[in-house]
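What you are looking at is a predicted structure, and each value in this text was computed from that prediction instead of being measured. So that the names make sense, note that chain A is the first sequence line, chain B the second, and so on, each numbered from 1.
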Protein chains: 2
Amino acid sequence: MRKPDAVSPALRVRVNAAVKELGYVPNLAASRLASSRTHTIGVIVPTLYNVIFAEYLFALHDILVAAGFHVLVVNSRYSQIEEENAIKALLGQRVEAIIITGTHHTPLSRQLLSQARLPVVETFELSPEPIDLNIGMSQENAGQTATQHLIGLGLRRIAFLTGNLDHRAQSRLDGCRLAMEQAGLRPAEIIARKPRHSSVALGSDLFAMTHESGDVPEAIFCTDDNLALGAMQECRKRGMRVPDDIAIMGFHDLEFAACSAPSLSSIATRRFETGKLAAERVLAALNSSRTPAAEQIDLGYTLIARESTAV
Amino acid sequence: MRKPDAVSPALRVRVNAAVKELGYVPNLAASRLASSRTHTIGVIVPTLYNVIFAEYLFALHDILVAAGFHVLVVNSRYSQIEEENAIKALLGQRVEAIIITGTHHTPLSRQLLSQARLPVVETFELSPEPIDLNIGMSQENAGQTATQHLIGLGLRRIAFLTGNLDHRAQSRLDGCRLAMEQAGLRPAEIIARKPRHSSVALGSDLFAMTHESGDVPEAIFCTDDNLALGAMQECRKRGMRVPDDIAIMGFHDLEFAACSAPSLSSIATRRFETGKLAAERVLAALNSSRTPAAEQIDLGYTLIARESTAV
DNA sequence: ATGAAAGCGCTAACAC
DNA sequence: GTGTTAGCGCTTTCAT
């Protein structure tokens with residue numbers, strides 16, 4: 001069945017007939033056990049709610065499936081414990097490589113990944129000590145750049161807005177604080193108490209909260225374009241004009257940032273490229289017998305200034 | 001290792017030490033082969049870009065993981081061929097049940113699912129002849145209800161706007177046509193030539209196209225809230241007021257519909273409940289030895305009238 | 001409570 | 001080109 005050409009046409013016909021009649025489907029577990037090849041790559045993402053991971057997975061999927069691999073996606077829900085369980089599950093499946101979001105893991109996770117002797121790619125962040133490959137960008141620098149953009153516009157009272165404070169959001173906040181400090185300022189911080197995933201509705205809620213507190217800043221840097229869009233809409237509802245009364249800055253440059261009204265300034269990040277490169281490097285590592293040297297790739301980011309900060 | 005209580009404490013300690021030192025992880029393929037239990041449920045969705053599937057998967061995941069199952073998510077990219085391949089892959093994995101989006105499959109897909117002797121749940125639509133279980137809603141009725149709402153407002157020139165025309169979008173369009181016909185009208189149809197996934201940017205593009213053609217309707221029913229939001233933003237950019245100059249209606253009642261400015265009228269659909277119920281029925285079927293009768297559950301939908309159609 | 005042994009359904013290597 | 005056979009690493013059953 002796996003090499004139909006290597007068999008007489010007559011036999012091939014009989015085999016196909018039998019397959020169809022019996023509804024026979026080869027047992028992958030047996031095949032994997034016997035060949036010790038699973039043709040499966042494990043991918044861990046923190047959530048499926050955020051479209052950036054959909055884009056990333058799309059690119060990964062494209063390349064890996066074309067190369068004959070299965071892609072096993074697990075989500076860790078932003079929990080290191082769930083991530084550790086996901087790693088165990090993937091190793092138990094004997095995936096041939098693991099592509100994992102972020103660079104912060106439990107000690108056991110690191111240990112498991114290190115001694116598993118398979119290609120590991122950490123993505124979206126830059127690690128001080130990568131387990132193996134690392135493809136990402138400096139979230140802290142990006143946060144700093146965004147904030148410097150606002151400061152450069154003459155804005156002084158700047159707030160940082162986020163839903164849950166996962167590690168990447170925290171790094172952006174660190175960058176924001178650094179930029180403010182360098183300018184002799186301090187950011188206000190608007191952080192949702194209850195960790196909810198980033199959404200337009202949450203951005204709207206958080207801005208409403210801030211507005212009602214009476215302490216409205218001159219500019220808001222949101223960790224995410226969804227939050228930014230929600231904040232912009234809430235501004236309008238409350239009679240504030242963007243950017244005249246308040247400047248708003250997003251993050252990720254999602255598809256709608258260019259066409260929202262007003263259009264949204266953001267930091268463009270490279271999700272497709274991250275996925276594509278991770279997949280390519282994994283394939284390369286799997287095809288070369290010798291272990292390639294651990295490598296770190298900085299994909300960078302780009303500041304996109306649009307109407308929402310055109311003060 | 002699987003029953004630590006059934007072993008002397010001393011041995012248990014030695015086992016754990018060995019496990020840690022060797023980085024031992026049990027081989028799931030071997031376990032599955034030996035026990036002929038995979039504890040895995042396969043789920044097929046058409047895309048990961050649409051947040052409704054994230055919500056659905058979240059609910060599914062919650063219940064199935066809590067019950068000790070693995071969830072294997074595959075996406076078919078709205079292609080029946082890819083869906084067929086996904087089904088083969090899942091059956092090869094010997095998943096214990098399959099939860100699949102939609103009710104339209106290739107003949108071979110139907111055959112494979114029928115003769116696999118495992119619980120199958122088709123979701124999001126209602127099928128005239130379900131393979132096994134079917135949990136969904138009438139997309140056509142929902143499209144009809146939305147359109148009747150617009151007609152009831154005295155609007156006559158109504159357009160239907162969609163990105164790609166997958167089967168569910170087609171059904172909503174059918175419902176829209178039916179309502180128009182009953183009122184003695186004909187809908188205009190705005191359909192993206194290049195199938196792209198639904199997004200705010202696409203809604204914006206499509207409305208811009210329509211506006212430039214000069215033939216602007218009195219109301220637009222969009223297959224998706226993302227498209228609707230994009231259309232609303234593009235309206236504002238072009239100096240049209242919603243709902244005064246044009247009424248806009250979305251679909252799915254995504255999180256942001258309530259907080260956009262103006263707030264968006266929509267049809268609320270029940271993604272969480274669909275996932276929850278599908279997971280519960282699968283677990284029930286797996287626990288009862290006898291095959292439960294094929295069943296069809298209509299989860300319905302709700303018209304939510306908000307500012308964008310408050311004419 | 002512990003050890004021994006058969007066999008799950010394939011793959012890979014070999015003989016025919 | 002075709003048939004045969006020994007494992008892959010577990011689970012399950014049976015002896016001890």
Side-chain angles (χ1 to χ4, degrees), chain A residues 1-42 67-70 72 85-98 112-113 115-118 286-287 289, chain B residues 1-42 67-70 72 85-98 112-113 115-118 286-287 289:
Chain A
M1 275 182 64
R2 295 187 309 118
K3 304 197 256 177
D5 317 332
V7 111
S8 70
L11 217 195
R12 207 183 311 161
V13 169
R14 283 173 50 209
V15 169
N16 289 337
V19 164
K20 186 169 288 177
E21 188 183 330
L22 300 172
Y24 170 79
V25 183
N27 184 326
L28 257 180
S31 157
R32 287 171 174 177
L33 184 56
S35 68
S36 67
R37 289 276 281 153
T38 59
H39 293 284
T40 300
I41 311 279
F69 285 87
H70 298 225
L72 218 170
N85 291 333
I87 291 169
K88 286 179 191 160
L90 292 177
L91 293 177
Q93 305 259 6
R94 295 295 186 270
V95 295
E96 302 189 7
I98 290 184
L112 288 170
L113 290 175
Q115 64 191 15
R117 314 208 142 281
L118 45 72
L286 254 24
N287 287 330
S289 42
Chain B
M1 277 180 62
R2 296 187 311 115
K3 305 196 255 175
D5 317 333
V7 111
S8 68
L11 218 194
R12 205 182 314 158
V13 169
R14 283 173 50 209
V15 168
N16 288 337
V19 164
K20 187 168 289 176
E21 187 182 331
L22 300 171
Y24 170 80
V25 182
N27 185 325
L28 257 181
S31 156
R32 288 171 174 176
L33 183 57
S35 67
S36 71
R37 288 278 280 153
T38 60
H39 293 285
T40 300
I41 312 281
F69 285 88
H70 298 223
L72 218 168
N85 290 334
I87 291 169
K88 287 179 189 158
L90 292 177
L91 293 178
Q93 304 259 7
R94 295 296 188 273
V95 294
E96 301 188 6
I98 290 185
L112 287 170
L113 289 175
Q115 64 191 15
R117 315 206 143 283
L118 45 72
L286 255 23
N287 287 331
S289 42

Has A/Ser31 got a side-chain N or O lying under 4.0 Å from the OP1 or OP2 atom of C/dT11? yes
In Å, rounded to the nearest 0.5 Å, how long is the span from CG of B/Leu90 to CG of B/Leu72? 6.0 Å
What is the separation between atom CG on B/Leu91 and atom P on C/dC10, rounded to the nearest whole Å? 14 Å
Comparing A/Arg37 with A/Leu33, nearest DNA chain C nucleotide closer to 5' gives the residue A/Leu33
Can you see which heavy atom on B/Val95 is nearest to which on B/Thr38, and at what distance? CA-OG1, 3.9 Å
If you look at every strand shown and take non-hydrogen atoms under 4.0 Å, does A/Ser35 touch a base, only sugar-phosphate, or nothing? sugar-phosphate
Determine all donor-acceptor pairs shorter than 3.5 Å in which one atom belongs to a side chain in residues 22-35 of chain B; sequence neighbours excluded.
unit_1: B/Asn27; atom_1: OD1; unit_2: B/Ala29; atom_2: N; d: 2.8
unit_1: B/Asn27; atom_1: OD1; unit_2: B/Ala30; atom_2: N; d: 3.2
unit_1: B/Arg32; atom_1: NH1; unit_2: A/Gln93; atom_2: OE1; d: 3.3
unit_1: B/Arg32; atom_1: NH2; unit_2: B/Thr40; atom_2: OG1; d: 3.1
unit_1: B/Ser35; atom_1: OG; unit_2: B/Ser31; atom_2: O; d: 2.8
unit_1: B/Ser35; atom_1: OG; unit_2: B/Arg37; atom_2: N; d: 3.2
unit_1: B/Ser35; atom_1: OG; unit_2: B/Arg37; atom_2: O; d: 3.4

Check the surroundings of atom CZ in A/Arg12: do more than 12 heavy atoms from other residues, nucleotides or ligands lie under 6.0 Å from it? yes
Using whole Å, what does the distance between atom P of nucleotide C/dC10 and atom CG of B/Leu28 come to? 18 Å
Range on DNA chain D touched by chain A - first to last nucleotide, heavy-atom distance under 4.0 Å: D/dT2 to D/dG9
For atom NE2 of A/His39 and atom C1' of C/dT11, their distance in whole Å: 11 Å
Any chance you could measure B/Ile98, atom CD1, to B/Leu91, atom CG, to the nearest 0.5 Å? 4.5 Å
Protein-nucleotide distance (A/Arg32, atom CZ; C/dG9, atom C1'), rounded to Å: 14 Å
Spacing of A/Leu112 atom CG and B/Lys20 atom NZ [to the nearest 0.5 Å]: 10.5 Å
